[in-house]
Structures are given as C-alpha cells and as structure tokens.
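For clarity, every value in this text was computed on a predicted model and none was experimentally measured.
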Amino acid sequence: MPLVWIDHSGDKMFEGEDNDHKIPSHHNAGEAMVVACIYHHYRSVIGVPDADIGIITGYWAQVAYIRKALDEINPEYSDATVRTIDGYQ
C-alpha cells in the first residue's frame, strides 16, 4: 500500500490557527491543495478507486480545508475519506 510524504519546507505554505471552537486547531491551505491535487491524480490519472484512498491529518481544521480543496477540484470527491489521526483509531 503506497504512502505519500511530501517535504514542502521552503515552499511558503504557512499554517493558520482556528480558534473558533473550544479546542484550537491548525490548517494550511497550501498543503490542503497539494493533497487534493495528489488525490485527483490518483483517481483520474492512475485510476485508484475512492475506497482505496485515505487521507489522514493531525488537525480537524485541516480536514475541512482538504475537503474544500477536493470539492473545488471535483465536487464528486466529496465522498473522499478524510479524517484526523483520532478518526482512524
């Protein structure tokens, strides 16, 4: 099962904080778009089924950003599995 890690240090992708809830969270819009583009490549170019792809992130705010980026690329990607680490446990 492939796993993708991307070092984007120096790419000017900065984290933001989401303090709208009782538990603070973090997000990075640039990272979210990179993840969405990789997901799109796996689905549309390589042909990997949706059920075979899982996206995992450390923060619930990042889940929302990734879902938004996926929807911007293709609204059919709204069923993508995007969860926090805790969501996979």
Problem - Nearest heavy atoms of Ala32 and Gln62, plus distance in Å - result: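 Scanning both residues completely, I find the closest heavy atoms to be N-NE2, 3.5 Å.
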Closest non-hydrogen contact found for Leu70 with Tyr39 is CD2-CD2, 3.4 Å
Just verifying a value: how many Å separate [X] [atom1] and [Y] [atom2], rounded to the nearest 0.5 Å?
X: Asp86; Y: Tyr59; atom1: CG; atom2: OH; value: 11.5 Å
X: Arg83; Y: Ile55; atom1: CZ; atom2: CD1; value: 11.5 Å
X: Lys68; Y: Ile73; atom1: NZ; atom2: CD1; value: 12.5 Å
X: Thr57; Y: Glu31; atom1: OG1; atom2: CD; value: 7.5 Å

> Taking the six-membered ring for Trp, are Tyr65 and His27 parallel (under 30°), tilted (30 to 60°) or perpendicular (over 60°)?
Replying inline: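 The rings of Tyr65 and His27 lie parallel, inter-plane angle below 30°.
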Evaluate side-chain contact (heavy atoms from CB on, under 4.5 Å) for Ile53 paired with Thr81, printing each intermediate quantity in order.
-> CA-CA 7 Å; Ile53 302 173; Thr81 303; over 6 Å; no
Without hydrogens or angle criteria, can the side chains of Tyr42 and Asp50 be said to hold a donor-acceptor pair below 3.5 Å?
-> no
If Ile, Leu, Val, Met, Phe, Trp and Tyr residues are connected whenever their side-chain heavy atoms lie under 4.5 Å apart, and connections chain through other members, are Ile38 and Val45 in the same group?
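Looking at the clustering, Val45 is in a separate group from Ile38.
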*In this structure, are over 12 heavy atoms from other groups packed under 6.0 Å from Glu72 atom CD?*
yes
(message) So if I apply the side-chain contact (heavy atoms from CB on, under 4.5 Å) rule between Ile66 and each of Asn28, Asp71, Val82, Val34, which one comes out positive?
(response)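 Testing Ile66 for a side-chain contact (heavy atoms from CB on, under 4.5 Å) against Asn28, Asp71, Val82, Val34 leaves exactly one candidate, Val82.
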